[in-house]
There are 2 protein chains.
Amino acid sequence: MTTASTDDSTLLRERGLRVTGVRLGVLRALDGHQHSTADDLVRAVRADLGTVSVQAVYDCLHALTAAGLLRRMEPAGHPARYERRVGDNHHHVVCRGCGAVADVDCTVGAAPCLTPRDTHGFTVDLAEVTFWGLCPTCASEPTADPVPAAGPSGTTHRVGTP
Amino acid sequence: MTTASTDDSTLLRERGLRVTGVRLGVLRALDGHQHSTADDLVRAVRADLGTVSVQAVYDCLHALTAAGLLRRMEPAGHPARYERRVGDNHHHVVCRGCGAVADVDCTVGAAPCLTPRDTHGFTVDLAEVTFWGLCPTCASEPTADPVPAAGPSGTTHRVGTP
DNA sequence: GCCTTTTCTGGAATCGTTCCAGTAAGGGGT
DNA sequence: ACCCCTTACTGGAACGATTCCAGAAAAGGC
């Protein structure tokens, strides 16, 4: 683990960021558990370092995200999640039941439909794709539906049987 | 406008929903101003009907969304927005500056990259595409950047000059 | 090793949204 | 046309995720 920490230290310094316990802790926690929420990370870092304030973690997440070391994603109706995979073309599947997130690699390199035709004068710099569905665990549940299924409604791109 | 209201009444009844002032007011407000937030709608309906509680509007939005008369979209870092365009394949551009939303029609019918290959066991039913950028107004602003630019960070699909 | 800058602490505040219990209104059945 | 049951609306309090604030502590260039 010392190796990973040392790498992270270098990484932080390279981006002009100070090396602190909280930052190393957050990065280490994300290595073990990708797509963690801020709350997950507070708990993880506390288990690791003893005591950390909520703000320290939020500040840290902002700093790391701004530095390009972390990617932030915020599925509708769920708290934001953070991941270390940055700088590559990948998307996400989000579970409507529990909010779990998994990575989805891009099937095509060029992404034809991700170049919009008419953007109403907007200068577009980023295209984000989110798939919605159910994770294996929630799908196998006895359809007890206490939560009214989060995520967007209405037809966007129906996937599967047409 | 009486025509529109009458149509909306029929629409509501067809879906088994009662016809109420708030519901007609919300639908009418959305006709005039697509992609409104709940707050926008509270104000619009109040200007129209006099007095409405916040809950009435939220309840109404839930009912109409559940009935498939409204589509809800929630851009990361911005309050949810509602629109009447349902049941067609269209996506959205969101302004990082002010959160403004515009519709983007799908360039290709088949949406090749919206059929993920490996979904890690998730049963995917919907693919959502969001473009991020700046609206004409925010783009022409003197780069005074008080708000740290909302929306996802890190590279997803860089659009434009590579 | 000192001193400035940056980060961390703890607590209070914000924002969008939801929960609650009670009142009011829609509309099917007679 | 009326009644009654269901559903919608009111107002206020609560919620969770996140941010703001001012002061204390620590990082690291000199």
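In what follows, chains are A, B, ... by sequence order, proteins preceding strands, each numbered from 1.
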Participant: When the C1' atoms of the five terminal pairs at each end define the local axes, what inter-axis angle does the helix from dG1(C)-dC30(D) to dT30(C)-dA1(D) show, to 10 degrees?
Facilitator: 30°

Participant: Mind listing the residues from residues 47-59 of chain A sitting with a heavy atom below 4.0 Å of DNA chain D? Number order is fine.
Facilitator: Gln55(A), Tyr58(A)

Participant: Under the side-chain contact (heavy atoms from CB on, under 4.5 Å) rule, collect the residues that match up with Val52(B), sequence neighbours excluded.
Facilitator: Val22(B), Val45(B), Arg46(B), Ala56(B), Val57(B)

Participant: With sequence neighbours left out, write down each residue that passes side-chain contact (heavy atoms from CB on, under 4.5 Å) with Arg43(B), or none if nothing qualifies.
Facilitator: Asp39(B), Asp40(B)

Participant: Check each residue of residues 16-23 of chain A for a non-hydrogen atom within less than 4.0 Å of any atom in DNA chain C, then write out the ones that pass by number, or none.
Facilitator: Arg18(A), Thr20(A), Val22(A), Arg23(A)

Participant: Can you name the residues that form a salt bridge (Lys or Arg N to Asp or Glu O under 4.0 Å) with Asp59(A), not counting sequence neighbours?
Facilitator: none

Participant: Pick base, sugar-phosphate or nothing for Ala80(B), based on heavy-atom distances below 4.0 Å to the nucleic acid.
Facilitator: sugar-phosphate

Participant: Any ring-ring contact (aromatic ring centres under 6.0 Å, His included) involving residues 50-70 of chain B? Give me the pairs, sequence neighbours left out, ordered by first then second residue.
Facilitator: none

Participant: Which is the 5'-most and which the 3'-most nucleotide of DNA chain D that has an atom under 4.0 Å from a heavy atom of chain B?
Facilitator: dT6(D) to dG12(D)

Participant: May I ask you to say what Ala38(A) touches in the nucleic acid, namely base, sugar-phosphate or nothing, with a heavy-atom cut-off under 4.0 Å?
Facilitator: sugar-phosphate

Participant: Please identify each residue that fulfils side-chain contact (heavy atoms from CB on, under 4.5 Å) with Ala47(A), with sequence neighbours left out.
Facilitator: none

Participant: Could you list where the contact with chain A starts and ends along DNA chain C, reading 5' to 3', using a 4.0 Å heavy-atom cut-off?
Facilitator: dT5(C) to dG11(C)

Participant: Report the residues that fulfil salt bridge (Lys or Arg N to Asp or Glu O under 4.0 Å) with Arg15(B), sequence neighbours left out, ordered by chain and then residue number.
Facilitator: none

Participant: Among Leu12(B), Leu11(B), Asp8(B), find the one that has a side-chain contact (heavy atoms from CB on, under 4.5 Å) with Val19(B).
Facilitator: Leu12(B)

Participant: Go through the structure and list residues passing ring pair (Phe, Tyr, Trp, His ring centres under 6.0 Å) with His92(B), not counting sequence neighbours.
Facilitator: His35(B), His90(B)

